[in-house]
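Per chain, numbering begins at 1; letters A, B, ... match sequence-line order. Fair warning: this is a prediction, and the values are worked out from it, not measured in the lab.
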Number of protein chains: 2
Amino acid sequence: MIVIKVCFVLIFLISFSKTDNCNLPNELVTEIRGYKDTVNKIIDAVTNGKYKGQTYKELATFVDKFGARQAGSDVLEDSIDYLLELLPSKGYDLESVHGENVTIPHWVRGVESGQMIKPRMADIPVLALGGSISTKETGIEADAVVFRNFDELEAQSASVQGKIVIFNNDFKSYGISVAYRSQGPIRAAKYGAVAVLVRSVTPFSMNTLHTGQTQYDKNVTKIPAASITVEHAHLFQRYQDRNETIRLKLILQSTLLNDSLSRNTVAEVKGSKTPEKVVLVSGHLDSWDVGVGAMDDGGGAFISWYSLVVLKGLGLRPKRTVRSVLWTAEENGLIGVQEYNNAHEHELDNFVFVMESDEGTFTPLGLNYVAGTTGGCILEEILKLLSPINAATAKRSEEGGVGSDITIWKDVIPTGSLLNDNGKYFWFHHTNADTMDVLDPNALDKATALWASVAYVIADLNDDFPRSFARADGNIQTVIPFFLLYLSIMLVSVLL
Amino acid sequence: MIVIKVCFVLIFLISFSKTDNCNLPNELVTEIRGYKDTVNKIIDAVTNGKYKGQTYKELATFVDKFGARQAGSDVLEDSIDYLLELLPSKGYDLESVHGENVTIPHWVRGVESGQMIKPRMADIPVLALGGSISTKETGIEADAVVFRNFDELEAQSASVQGKIVIFNNDFKSYGISVAYRSQGPIRAAKYGAVAVLVRSVTPFSMNTLHTGQTQYDKNVTKIPAASITVEHAHLFQRYQDRNETIRLKLILQSTLLNDSLSRNTVAEVKGSKTPEKVVLVSGHLDSWDVGVGAMDDGGGAFISWYSLVVLKGLGLRPKRTVRSVLWTAEENGLIGVQEYNNAHEHELDNFVFVMESDEGTFTPLGLNYVAGTTGGCILEEILKLLSPINAATAKRSEEGGVGSDITIWKDVIPTGSLLNDNGKYFWFHHTNADTMDVLDPNALDKATALWASVAYVIADLNDDFPRSFARADGNIQTVIPFFLLYLSIMLVSVLL
């Protein structure tokens, strides 16, 4: 009896584990495995051969030359011009290199300062959030009240009128804490706050300020918004917990200039057989105005165009086109990709796979994807080819979207994002510490090798990458019979 | 034959390992082990009982109230007054609480700014080194030249005249790299440099500036000196490696005011039998003007006076006096301890053991010491009592001194310093990131427990802690017979 029941449980467990297994046609598996030599050639050229260290070197030259590249700035446009000249030049030979116009907002940081007046005089480092309105020139002086989360705010909303609201939300994930940066000004202004200070969204701080876009609601008074360091958020919390009055003076000046013109930067290796079909690799070229945007997203942008250089240089022209797009004005709300989406509506059907790296280019581990079960199985098989650099993981996205810009296509085009060892990504995100020091030449090489390999194989397969998104597109059929089997066995088990 | 030779080698190895073993008199070992219950009582009271979390709480209240406490500032003196009032007050009841005057230098940071003019315009964060002279008010503008070390400077000294010298020394240890901070201005000025920028002395940076005292030579022209971030040192190195001209503008304003009066802050638990004999526990109260000196050295200072509170509160009055001294003006060159040494010359013979914590109060592991071999054996035995908090390591100093202030006594009084898990100490050292966030309440509790326990036991032992310093004070006798045995065995071995 017990043996039989154990068997049933085992069958049940196996049936569930089975549902995630792949049943790709043998010929497709064979076809993908046939790319082993090609992928090894790419890996070798990038991690040992002529391209070794080049992605880092190109990126360092670029960010050292231009520094931060904020949307709306001349520097961003100069940096785009530089790439439009560099990419088609000798040795790179990229094709169809051009910019595609995008109208973007132009918000500029001005004079900023924070002072604590009570309980003691001290300078408080502040960094306006992107899009923040200004205080009057002489600043705002007010008492401050600290909330750990929106629940505390709601519970004590009567205490907010005329105050500076400080959000001191413990970092559990970016997804959770970033709500205080984006929604904080609206939530606090509703109850009459005169300004809002948001604890920098990061799991680790060395007195580090993190900016990032904030939002206003047209029905709620706009109030100035800045980030403070984790350390100062803790300090203010301690003062409040001791019932000490916190009084602050803030000067936050900024200007919202007229919209200006920027460009998405495009380059290609044209497909040999169906050039109208496209595998798109991407990152964004704009950055915040602090740091130099080496990590966010210089790394993602540079592995994208440089993987095309590698394919071209190794004479690897796939059947479909591999296109690199370096988005503009991602930081202000995915502006570049939206304009691109509108302009390219007619050819979206031809986008077989879209990739973006905007979560770090630390040591690569594989791909995050939204590509349905069959697509996931294909990616799994392709990524096995990246085992030589230990980047063979295909990870289905649990959040319904991967990348940043390319999330707008999550329901219409299969998408993939660089899975990498990015545990420290948010340490540096939107800070002055986002510099070349965050990046490692070897990690960047591996990322370029992965990017080039995946893009090449998908662009060269006989059949188009399948368009399916449901997590269980292949699962339901598999689960149902197993589940029925399980049910009947249980029934028998009860009767025994 | 082979077996015999292997035996000889084993005997040889054992003989050498033997030389570090302890041969304390049995009654001393028994005496020390007799403190087990007392030490457990201390540990329990501090890590679970009424003192749990109190060291952190006291320190947070203190640094939140005063912030940075630079030598010469009113704030430092206010913070000393606060402690002079707090320590003898109800619940603390410390004895002989008083300040002892010290004349200290008073250097004050003024306006500071750095600009890169070539190869591109950008702000460069700079932080004057302590004691730096000023540039003229309008600043210095000059080309810059980068050296990885003094050897490179010497080899290319002809290129230095009229330039700003940048030292970009890779951090291998504080001891090595700090030479560029302390000696850099002298070494560069010798060859005609007009200013010096020193890469911050740290193994890790998030765009972090580290200050610290620098030095001048009366025979060499004084030039302004500041730190730059690791990231900017790397940036300048890359520019130079690409043969790009680096041109900088520096404004560094500072003032050397008249010497002023500060105090070492003293408190005691008087000895019950020989109160003139002293075990001294210490840390320094002054800090640099950046950050709030929570780690350097608030932690060390607060575990010192708080360990006396614990002894007093638990009714543990040892035979000898336990004295807490919170040094002033450590950061400017161990000023407070020197004055103390002069004023207390008459009683130095009575100092049986001197402790300082100035290398972090992260999770404690035990003690570093300079105390000779017998002293080391005693410390080893005492620290076994700290096994319940995994802080039983007694580590002989390899550098000939432990602590900072108390190194002046390394050849005359046995000294010990808190051995702790301080791998990240130099991340925060002398920076704006030296805040309460660096410290952990539980680690501080354990440090207080260790501090109180070691001080108590040494102050209460029947015999004075032995005064011996030679590393091999007990070794020579042990090594010689083993070595002779080895020689004779080798001789026999050759004859066999």
Where is the tightest heavy-atom contact between A/I228 and A/V126, given as atom of each residue plus distance? CG2-CG1, 4.1 Å
Side-chain contact test, heavy atoms from C-beta onward, threshold under 4.5 Å: evaluate it for B/L444 versus B/F362 and give yes or no. no
At a 3.5 Å cut-off, give me the donor-acceptor pairs between chain B and chain A, one pair per line with the distance.
| residue | atom | partner | partner atom | Å |
| --- | --- | --- | --- | --- |
| B/D64 | O | A/R120 | NE | 2.7 |
| B/D64 | O | A/Y239 | OH | 2.5 |
| B/D64 | OD1 | A/R238 | NH2 | 2.8 |
| B/D64 | OD2 | A/R238 | NE | 2.7 |
| B/D64 | OD2 | A/R242 | NH1 | 3.1 |
| B/D64 | OD2 | A/R242 | NH2 | 2.7 |
| B/R120 | NE | A/D64 | O | 2.7 |
| B/H234 | ND1 | A/D437 | OD1 | 3.3 |
| B/H234 | ND1 | A/D437 | OD2 | 2.6 |
| B/R238 | NE | A/D64 | OD2 | 2.7 |
| B/R238 | NH2 | A/D64 | OD1 | 2.9 |
| B/Y239 | OH | A/D64 | O | 2.5 |
| B/R242 | NH1 | A/D64 | OD2 | 3.1 |
| B/R242 | NH2 | A/D64 | OD2 | 2.8 |
| B/D437 | OD1 | A/H234 | ND1 | 3.3 |
| B/D437 | OD2 | A/H234 | ND1 | 2.6 |

Per-residue contact mode, A/A122 against chain B (heavy atom under 4.5 angstrom): neither
Please enumerate all residues that pass side-chain contact (heavy atoms from CB on, under 4.5 Å) together with B/V165, with sequence neighbours excluded. B/V145, B/F147, B/V160, B/F167, B/A188, B/A193, B/V196
Where does A/V438 contact chain B at under 4.5 Å (heavy atoms): side chain, backbone, both or neither? neither
Please identify each residue that fulfils side-chain contact (heavy atoms from CB on, under 4.5 Å) with A/A144, with sequence neighbours left out. A/I164, A/I166, A/I246, A/L248
What's the shortest heavy-atom distance between A/G139 and A/I251, and which atoms? CA-CG1, 3.7 Å
Quick check for you: to the nearest 0.5 Å, what is the distance between A/L250 atom CG and A/I124 atom CD1? 9.5 Å
Minimum heavy-atom separation for A/A433 and A/F428, please, with both atom names. O-CD2, 3.5 Å
